[in-house]
Amino acid sequence: MRSLCDLCASALNIRFKYIHRRDAKNAGVAQRIPVRALRSKDMNTRLSLDALAIFGGPPAFADKLHVGRPNVGDRERLLKRITDILDSKWLTNGGPQVQEFEERIAELAGVKHCIAMCNATIALEIAIRALDLAGEVIVPSFTFVATAHALQWQGITPVFCDIDPRTHTLDPDRVKETITARTTGIIGVNLWGRACEIDELSKIAEQHRLKLLFDSAHALGCSYKGRMIGGFGDAEVFSFHPTKFLNSLEGGAIVTNDAELARKARLMKNFGFTSYDRTDYIGTNGKMNEVSAAMGLTNLESMDEFMAANRRNYHVYREELAELEGVSLVPYDETERCNYQYVVLLIDEDKTIVTRDQLVEILHAENVLARRYFYPGCHRMEPYRSLYPNASSFLPQTERVAARVLTVPTGQVITPEIIGRICNIIHTALENADGIRDLLESKSAV
Ligand code: T4K
């Protein structure tokens with residue numbers, strides 16, 4: 001319980017912060033330690049708690065800051081390409097822009113074949129079908145729901161496997177335990193652009209004669225042990241959605257070194273047609289159109305700038321939040337090539353006292369639309385929640401990580417100055433945890 005004086009100091013904001021140390025020595029004891037004067041939303045003036053938008057102050061940002069604001073390359077070049085497309089009267093069905101985009105992506109990923117598609121979800125579905133996956137396929141639950149849906153949509157059972165809390169990707173030991181007689185494949189997700197334990201998963205797949213597919217929606221331009229992501233397993237899938245660091249408006253691709261698989265996928269994305277009036281497989285319409293490819297090509301020309309902006313932003317966040325107890329950033333292995341497209345905070349509520357979800361509320365009120373990717377895990381979303389009601393009991397790490405993650409805005413439009421202001425809000429909230437909690441409680445009691 002805090003004294004009135006403390007509450008006032010906190011509400012007026014000021015010179016002390018409370019850190020609850022939950023170690024054995026100080027269990028539950030709030031220690032008062034001096035802090036630097038709190039910085040403000042605009043970095044120059046000081047901020048009191050009641051200036052936070054959640055308590056009635058004006059939002060720090062007039063416009064909403066999204067996690068997924070698209071990066072856009074040279075407008076003039078894009079418009080020139082679109083004009084050429086319109087003049088050519090060739091709008092889709094594997095036109096010259098798509099062909100060039102496929103070549104560029106194959107080069108970048110160091111693979112023989114790239115089949116561009118309308119989005120990564122369809123690309124996953126086609127890869128799954130072209131690989132003849134059936135029965136059960138092992139996937140992480142800690143991923144965007146499209147990874148699981150691409151299986152379930154085709155009547156294949158996604159078997160959710162736990163992650164390693166350090167990597168946020170499939171735990172190879174848990175994968176081994178999850179294999180049954182019905183298992184036909186494994187889908188590893190290179191989450192946040194950080195590679196799975198690819199060598200381990202490859203060994204397991206080989207030993208058990210399973211197909212290995214990677215959902216690399218986040219991992220374009222990233223490497224694993226010095227080799228570009230794209231050439232591992234039987235195939236990999238990239239996404240070029242606007243929220244991805246390189247977008248083609250909407251888009252996705254299968255990349256592979258397997259010529260037969262590539263041929264099959266290429267036919268399947270075009271209804272299975274092998275000639276004007278003949279199909280060899282069941283197919284769908286998964287084609288990328290020419291304008292999307294033009295956007296993709298234009299953005300590829302600026303890819304290094306996008307990566308540099310993401311890298312700078314990641315380091316600014318890391319620096320700004322370095323001394324904040326209970327908050328850490330999911331690290332990137334900087335010895336590898338990284339696109340740094342997600343800045344993911346891990347909130348340890350035992351230390352921050354303000355919960356992850358309260359922090360989301362505080363940030364949203366300031367127009368900082370931080371996201372809880374990939375909370376709550378696919379297993380807690382329908383139809384999986386009803387199909388596998390006991391899944392939580394064998395996904396403890398997924399549950400733990402999903403409860404802690406918070407993804408904050410980055411990308412081309414986010415500047416160090418903006419990050420400074422976002423981090424100020426986070427500092428203000430967490431350095432005054434008790435005051436915040438009391439004010440939130442009194443607010444909800446009204
Ligand atoms: N596998 C993984 C691991 C994935 O993360 C994803 C997609 C896929 C597969 C499937 O890829 P695609 O089929 O989409 O190619 C978003 C994206 O829609 C989704 O592509 C992405 N992952 C996922 C992580 O995030 P939502 O529903 O959370 O957010 P959304 O699309 O509403 O966008 C977030 C924010 O970005 C918006 O509130 C506003 C901003 N935004 C968005 C768009 C589309 C813009 O500022 N401009 C835009 O054009 O799923």
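Both counts, for ligands and for their atoms, begin at 1 and track the order of listing. If you read the sequence from its start, that first residue is 1, and numbering goes on from there. Just so we're clear, the structure is a prediction, and the values are computed from it rather than from any experiment.
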Min heavy-atom dist [X] to ligand 1 below 4.0 Å:
X      : answer
Gly251 : yes
Lys244 : yes
Phe240 : no
Gly252 : no
Val67  : no
Trp192 : no
Arg371 : yes

| query | Does Glu197 reach the side chain of Asp164, with side-chain heavy atoms less than 4.5 Å apart? | reply | yes
| message | Just so I know, are the side chains of Trp192 and Val330 near enough to count as touching, which here means a heavy-atom distance under 4.5 Å? | response | yes
Test item: [X] side-chain N/O and [Y] main-chain N/O as donor-acceptor pair under 3.5 Å:
X      : Y      : answer
Ser386 : Pro383 : no
Asn310 : Asn339 : yes
Tyr317 : Pro409 : yes

| Out of Val255, Val111, Asn190, which residue meets the side-chain contact (heavy atoms from CB on, under 4.5 Å) rule with Ile229? |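 Option passing the side-chain contact (heavy atoms from CB on, under 4.5 Å) with Ile229: Asn190.
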| request: May I ask you to identify, for Ala146, whether its side chain, its backbone, both or neither come under 4.0 Å of ligand 1 on a heavy-atom basis? | output: side chain
| query | Under 4.0 Å from ligand 1, counting heavy atoms only, is it the side chain of His218, its backbone, both or neither? | reply | side chain
| Are Arg227 and Phe232 in a cation-pi setup, meaning NZ or CZ lies under 6.0 angstrom from the ring centre and within 45 degrees of the ring axis? |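 Yes, a cation-pi geometry holds between Arg227 and Phe232.
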| query | With a distance cut-off below 6.0 Å to the six-membered ring centre and an angular limit of 45° from the axis, does Arg404 pair with Tyr375 as a cation-pi contact? | reply | no
Protein heavy-atom partner closest to [atom] - residue, atom, separation in Å:
atom                    : answer
atom 41 (N) of ligand 1 : Gly68 O, 3.6 Å
atom 33 (O) of ligand 1 : Thr243 CG2, 3.4 Å
atom 38 (O) of ligand 1 : His66 ND1, 3.3 Å
atom 9 (C) of ligand 1  : Asp215 OD2, 3.5 Å
atom 43 (C) of ligand 1 : Pro242 CB, 4.1 Å
atom 6 (C) of ligand 1  : Phe144 CD2, 3.2 Å
atom 31 (O) of ligand 1 : His241 CE1, 3.5 Å
atom 16 (C) of ligand 1 : Tyr373 OH, 3.7 Å

Show me which atoms of ligand 1 lie under 4.0 Å from any heavy atom of [X].
X      : answer
Thr121 : 10 (C), 12 (P), 13 (O)
Ser239 : 11 (O), 12 (P), 15 (O)
Arg69  : 45 (C), 46 (O)
Thr143 : 3 (C)
Tyr342 : 24 (C)
Pro70  : 45 (C), 46 (O), 47 (N)

No-hydrogen, no-angle side-chain donor-acceptor test under 3.5 Å, [X] and [Y]:
X      : Y      : result
Glu399 : His379 : yes
Glu334 : His315 : yes
Lys112 : Asn257 : no

| field | Parallel, tilted or perpendicular: rings of Phe240 and Phe101 (30°, 60°) | value |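 The rings of Phe101 and Phe240 stand perpendicular, inter-plane angle above 60°.
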| Hey, is ligand 1 close enough to Val189 that some N/O pair sits below 3.5 Å? | no
| message | On a heavy-atom basis, I'd like to know which of Ala120, Ala150, Cys118 is closest to atom 11 (O) of ligand 1. | response |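 Nearest option to atom 11 (O) of ligand 1, by heavy atoms: Ala120.
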| request: May I ask you to say whether Arg421 pairs ionically with Glu417, meaning some side-chain N is under 4.0 Å from a carboxylate O? | output: yes
| Lys225 and Glu336 ion-paired at < 4.0 Å | no
| request: Carefully, step by step, assess Arg81 and Glu301 under the rule salt bridge (charged side-chain N to carboxylate O under 4.0 Å, His left out). | output: CA-CA 13 Å; Arg81 283 191 166 106; Glu301 289 161 359; 2.7 Å; yes
